[in-house]
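For this chain, numbers begin at 1 and follow the sequence in order.
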Amino acid sequence: MNDKLYIGLMSGTSADGIDAALVRFQGGADIDGGNEPLRAEVVAARTSPWDPDVRARLVWLGQGGSLDSLDELGTLDAQVGEAFAEAALAVLVEAGIDTGDVAAIGSHGQTVRHRPYLKHPFSLQIGDAGRIVERTGITTVADFRRRDIAAGGHGAPLLPALHHALLHDASEDRAVLNLGGIANITLLPKVSDVRGFDTGPANALMDLWCHEHTGRPYDEDGAWGATGVVDDALLSRLLEDPWFATPPPKSSGREHFQRAWLAPRLRGDESAVDVQATLRVLTARTIGDALRSAQPDTQRLLVCGGGVHNPSLLQALRDELPGVVITSTQEHGLDPDHIEAMGFAWLARQTLLGLPGNRASVTGAAGPRVLGAIYPV
């Protein structure tokens with residue numbers, strides 16, 4: 001099983017597409033890499049677009065909206081499952097690989113609500129895994145977050161263990177930054193245990209504001225926001241949210257950082273482009289504050305996720321962290337656009353091997369747990 005192929009499927013909080021990565025793993029069976037280091041080769045990867053109507057409903061739900069009935073939620077769950085299955089088959093066609101050569105699919109699903117701070121915390125991902133296994137004929141592992149939450153954790157972030165296996169360097173303190181809809185960091189100190197947590201909004205608020213004021217789904221290359229001027233008073237009001245000062249473990253989602261969060265903090269007379277510039281700096285500032293607080297001696301920050309393609313955001317990070325070398329994970333052999341999908345392929349492998357996928361030092365769970373539910377062929 002150690003050298004078989006796995007598919008990871010991921011659609012993040014921005015719901016900007018379904019990432020599929022076909023990955024071959026070798027070595028590193030236990031969560032710390034064992035005696036043989038983990039090696040991962042992405043054989044093929046692609047992003048499949050969402051049906052516009054499905055995406056609109058997913059974004060609405062992710063921002064705290066509700067549907068009219070359980071029937072509508074059930075239908076959406078089925079549609080997401082079908083779309084994930086199609087994405088898996090498409091990456092196999094692209095690679096010229098037969099389904100029989102794949103050990104398993106790891107499907108993250110689409111998060112529609114993440115509530116780790118309730119009396120009865122939960123995280124809900126939809127995307128019927130039964131449909132994925134039926135359409136593809138490949139064993140599917142899904143629903144990775146529930147077990148960690150049941151064990152007292154946040155169910156997020158789940159990839160720091162993989163980051164540690166592939167990107168840790170005993171000669172320097174590193175961090176991995178994922179710039180999706182929400183930003184999260186993995187701390188990789190030279191000697192002590194890996195840690196990680198969400199830092200706040202990354203692309204979610206910027207995408208929302210850009211779409212509202214330009215009609216475009218996102219600010220390509222950060223070009224529009226780069227023409228604005230940062231509103232320091234607005235930035236101060238945004239930073240007053242107590243969530244930013246909450247100690248780890250911590251996680252969040254679009255249901256917190258959404259239009260209803262931003263609206264009462266606006267005076268109403270701000271320039272739209274200046275708000276966009278301020279949201280960019282909000283992302284950089286909260287990441288910088290988190291890194292300075294949790295790992296002040298960080299020497300290198302490795303960036304992945306959609307935000308890696310926003311030059312003005314990366315420059316804001318460099319301005320915020322002048323002593324830190326900031327590079328893409330691509331420079332260390334990991335495609336920044338598909339590292340999360342790779343992570344869920346790895347989590348599927350861990351589950352089939354009967355090995356834990358979480359890090360209690362990251363999520364706050366009572367201990368290591370085997371994650372996910374297996375849907376066999």
R265 and E270 ion-paired at < 4.0 Å: no
Minimum side-chain heavy-atom gap T286-L282 below 4.5 Å: yes
Minimum-distance pair of heavy atoms, taken over all atoms of H332 and R174: CE1-NH2, 3.6 Å
Neighbour count >12 (heavy atoms, 6.0 Å) for atom CZ, R146: no
Minimal non-hydrogen separation, S328 against P336, with atom names: OG-CG, 3.5 Å
Gap between atom CG of L38 and atom CD of Q26 - 0.5 Å precision: 9.5 Å
Nearest atoms (heavy-atom pairs only) where T199 meets A290: CG2-CB, 3.7 Å
Check against side-chain contact (heavy atoms from CB on, under 4.5 Å), D19 and E340: CA-CA 8 Å; D19 294 331; E340 280 203 289; 5.9 Å; no
Geometric class of the W209/H213 ring pair [parallel <30°, tilted 30-60°, perpendicular >60°]: tilted
D16 side chain near T47 side chain, heavy-atom distance below 4.5 Å: no
Donor-acceptor contact present, side-chain E255 to main-chain H114, <3.5 Å: yes
Flag side-chain contact, heavy atom, 4.5 Å: R359 against D193: yes
Close side-chain approach of D231 and L235, heavy atoms under 4.5 Å: no
R216 side-chain N/O to C210 backbone N/O, donor-acceptor pair under 3.5 Å: no
Within 6.0 angstrom of W60 CH2, more than 12 heavy atoms from elsewhere: no
Contact check, side chains of P157 and D198, non-hydrogen atoms, under 4.5 Å: yes
D173 (side chain) donor-acceptor with P189 (main chain) under 3.5 angstrom: no
Minimum heavy-atom distance D337-G305, with the two atoms named: OD1-O, 4.4 Å
Beyond-backbone contact of Q330 with D335, side-chain heavy atoms, under 4.5 angstrom: yes
Expected output: side-chain D219 to main-chain A223 donor-acceptor under 3.5 Å: yes
Donor-acceptor contact present, side-chain Q125 to main-chain D143, <3.5 Å: no
Audit row: I126, L58, side-chain contact (heavy atoms from CB on, under 4.5 Å) steps and yes/no: CA-CA 10 Å; I126 62 173; L58 291 174; 3.9 Å; yes
Interatomic distance, L238 atom CG to F244 atom CZ [nearest 0.5 angstrom]: 7.0 Å
Which atom of R292 lies closest to which atom of E320, heavy atoms considered: NH2-OE2, 2.8 Å
Q110 side chain vs G127 backbone, donor-acceptor pair below 3.5 Å: no
Distance (rounded to the nearest 0.5 Å) between N203 CG and L208 CG: 12.0 Å
Heavy-atom check, side chain of F257 versus side chain of I182, under 4.5 Å: yes
Common cluster, L179/V59, ILVMFWY with side-chain heavy-atom separation under 4.5 Å: no
Atom pair CH2/CE of W346 and M342 - distance to nearest 0.5 Å: 12.0 Å
Flag, side chain of T227 to backbone of W224, donor-acceptor distance under 3.5 Å: yes
N/O donor-acceptor pair under 3.5 Å between S69 side chain and E72 backbone: yes
Parallel, tilted or perpendicular: rings of H256 and W243 (30°, 60°): tilted
Criterion side-chain contact (heavy atoms from CB on, under 4.5 Å) on L92 and I7, from CA distance to verdict: CA-CA 9 Å; L92 287 176; I7 295 174; 3.8 Å; yes
L334 backbone acceptor or donor facing T329 side chain under 3.5 Å: yes
Residues R57 and D53 bridged, charged N to O under 4.0 Å: yes
Shared hydrophobic cluster for I138 and I97 (ILVMFWY, side-chain gaps under 4.5 Å): yes
Under-4.0 Å salt bridge between E86 and R135: no
Side chain S361, main chain V194, donor-acceptor under 3.5 Å: yes
Transitive ILVMFWY side-chain link V176 to L187, under 4.5 Å: no
Salt bridge (charged side-chain N to carboxylate O under 4.0 Å, His left out) between D207 and R254, intermediate numbers included: CA-CA 11 Å; D207 290 353; R254 290 180 75 125; 5.5 Å; no
Side chain to side chain, H168 and H164, heavy atoms closer than 4.5 Å: yes
Y218 reachable from V275 in the ILVMFWY side-chain graph, under 4.5 Å edges: no
Spacing of CZ belonging to R39 relative to CG belonging to L166, to within rounding of 0.5 Å: 11.0 Å
Verdict with supporting geometry, L279 and L262, side-chain contact (heavy atoms from CB on, under 4.5 Å): CA-CA 10 Å; L279 293 174; L262 180 61; 4.2 Å; yes
Criterion side chain to side chain contact (heavy atoms under 4.5 Å, CB included) against R145, the qualifying member of T363, N358, L158: L158
Inter-residue atom distance L159.CG - I339.CD1, 0.5 Å rounding: 7.5 Å
V377 with L89, same ILVMFWY side-chain cluster at under 4.5 Å: no
Other residues, nucleotides, ligands: >12 heavy atoms within 6.0 Å of L70 CG: no
Shortest non-hydrogen contact between L188 and H163, atoms and distance: CD1-O, 3.9 Å
